[in-house]
Amino acid sequence: MGVIIQCELMKLKHRGRIFGIIGASLVVAGLMVPIFLLLETGMNDWNTIFVVSFILSAFVTQIFLCVLSGEIFTQEYEQKTMNVMLMYPLARSRLYYGKMAVMFMYALFATVLSALFPLIAISIVNIFHVSVTEPFTFGHGLTFVLLLIVFSVTHTAGSIVYSYFSIVRRSTLLKVLACILLISPFGGGETGENVLFRLISVGIMTIVSLLFLIPTLKTLKYEDVG
């Protein structure tokens with residue numbers, strides 16, 4: 001499976017997707033500054049900042065993964081290269097898991113940057129426009145890291161839905177609609193008190209997404225290569 005991962009990474013390397021993630025993350029950081037300055041209720045604690053940051057991060061990551069799944073799965077079918085890959089002397093499930101491992105790597109990278117850049121931007125602005133008076137403690141840092149892991153896994157689970165609409169039901173429209181539905185659990189709410197509710201929402205979303213895994217693997221296993 002390591003060879004599959006390496007091949008997929010090499011294919012994506014030439015398409016500049018890393019720079020796309022960096023650019024989108026910088027845009028998100030730029031959006032966080034006026035939100036921080038103009039939000040009526042004010043973002044005066046780190047939990048609230050985490051919530052808003054991860055909401056914006058979800059938009060960047062889910063949209064990016066929706067597009068990325070098209071390159072990893074859909075284009076393989078359109079260009080007939082999937083037929084060649086299915087003839088390789090290895091389990092088709094390993095082929096799928098290899099591609100999903102790459103999706104996770106990009107999901108982690110996109111989640112980290114699109115959540116970390118806004119946090120850095122807010123920290124800098126807070127020096128000149130003090131709104132958050134509580135210190136950033138080790139506990140805050142640990143919470144942020146745990147949220148990064150949770151949301152990266154959740155985003156990857158959402159990618160299973162995109163792969164379903166690339167392998168089982170090949171439809172770009174349904175994939176876009178799925179992307180909109182998958183983003184919705186991250187939105188809503190105004191303050192940090194909604195963190196637990198938000199985690200429950202994304203947890204349910206993750207479980208539902210995993211239900212798409214079985215039919216996807218089944219279709220891939222019995223698909224003709226001719």
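Index from 1, following the sequence.
- With sequence neighbours excluded, the residues forming a side chain to side chain contact (heavy atoms under 4.5 Å, CB included) with Ile63 are Cys179, Ile183, listed by chain and number.
- With hydrophobic clusters built from ILVMFWY side chains whose heavy atoms lie under 4.5 angstrom apart, Leu217 does not share a cluster with Leu211.
- In this structure, CZ in Phe64 is found 10.5 Å from OG in Ser69, a value given to the nearest 0.5 Å.
- The shortest heavy-atom contact between Thr61 and Ala107 is CG2-O, 4.0 Å.
- Scanning for side chain to side chain contact (heavy atoms under 4.5 Å, CB included) contacts around Leu146 gives Leu142, with sequence neighbours left out.
- Closest approach of Leu113 to Ile22, counting heavy atoms only: CD1-CG1, 3.8 Å.
- Phe19 and Leu116 fall into different hydrophobic clusters, where Ile, Leu, Val, Met, Phe, Trp and Tyr residues are linked whenever their side-chain heavy atoms come under 4.5 Å apart, directly or through other members.
- Note that OG of Ser57 and CD of Gln62 are 9.5 Å apart. Values are rounded to the nearest 0.5 Å.
- Every side chain to side chain contact (heavy atoms under 4.5 Å, CB included) that Ala178 has, sequence neighbours left out, goes to Val161, Tyr162, Phe165.
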Please set out all donor-acceptor pairs under 3.5 angstrom arising from side-chain atoms of residues 25-38, sequence neighbours excluded.
unit_1 : atom_1 : unit_2 : atom_2 : d
Ser25  : OG     : Ile21  : O      : 2.8
Ser25  : OG     : Ser114 : N      : 3.3

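- Under the side chain to side chain contact (heavy atoms under 4.5 Å, CB included) criterion, Val145 pairs with Ile149, sequence neighbours left out.
- Applying the ring-ring contact (aromatic ring centres under 6.0 Å, His included) rule to Tyr77 yields no partners; only residues at least two apart in sequence or on another chain are considered.
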Step by step, would you call His140 with Thr137 a side-chain hydrogen bond (donor to acceptor under 3.5 Å, both in side chains)?
-> CA-CA 5 Å; His140 289 125; Thr137 64; 3.1 Å; yes
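- To the nearest 0.5 Å, the span separating NZ on Lys99 from CG on Leu68 amounts to 10.0 Å.
- Taking CE from Met105 and CD1 from Ile5, the interatomic distance works out to 4.5 Å, rounded to the nearest 0.5 Å.
- Contacts classified as side chain to side chain donor-acceptor pair (under 3.5 Å) and involving residues 163-178 (residues at least two apart or in different chains) are given here: Thr74-Ser166, Thr74-Lys175, Tyr96-Ser163, Ser166-Lys175, Arg170-Glu223.
- Leu173 and Val168 fall within the same hydrophobic cluster, where Ile, Leu, Val, Met, Phe, Trp and Tyr residues are linked whenever their side-chain heavy atoms come under 4.5 Å apart, directly or through other members.
- Leu56 and Val67 end up in different hydrophobic clusters when Ile, Leu, Val, Met, Phe, Trp and Tyr side chains are linked at under 4.5 Å.
- The line from CZ of Phe54 to OG1 of Thr111 is 7.5 Å long, rounded to the nearest 0.5 Å.
- One finds the CG atom of Leu65 at 4.0 Å from the OG atom of Ser159 (value rounded to the nearest 0.5 Å).
- Taking hydrophobic clusters as Ile, Leu, Val, Met, Phe, Trp and Tyr residues chained together by side-chain heavy-atom distances below 4.5 Å, Phe73 shares a cluster with Leu9.
- A search for ring-ring contact (aromatic ring centres under 6.0 Å, His included) contacts involving Phe50 returns Phe144, not counting sequence neighbours.
- In this structure, Ser53 has no side chain to side chain donor-acceptor pair (under 3.5 Å) partners at least two apart in sequence or on a different chain.
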Cut-off 3.5 Å, no hydrogens considered: what does the side-chain donor-acceptor table look like for residues 121-130, sequence neighbours left out?
unit_1 : atom_1 : unit_2 : atom_2 : d
Ser123 : OG     : Leu119 : O      : 2.8
Asn126 : OD1    : Ser131 : N      : 2.8
Asn126 : OD1    : Val132 : N      : 2.9
Asn126 : ND2    : Val132 : O      : 3.1

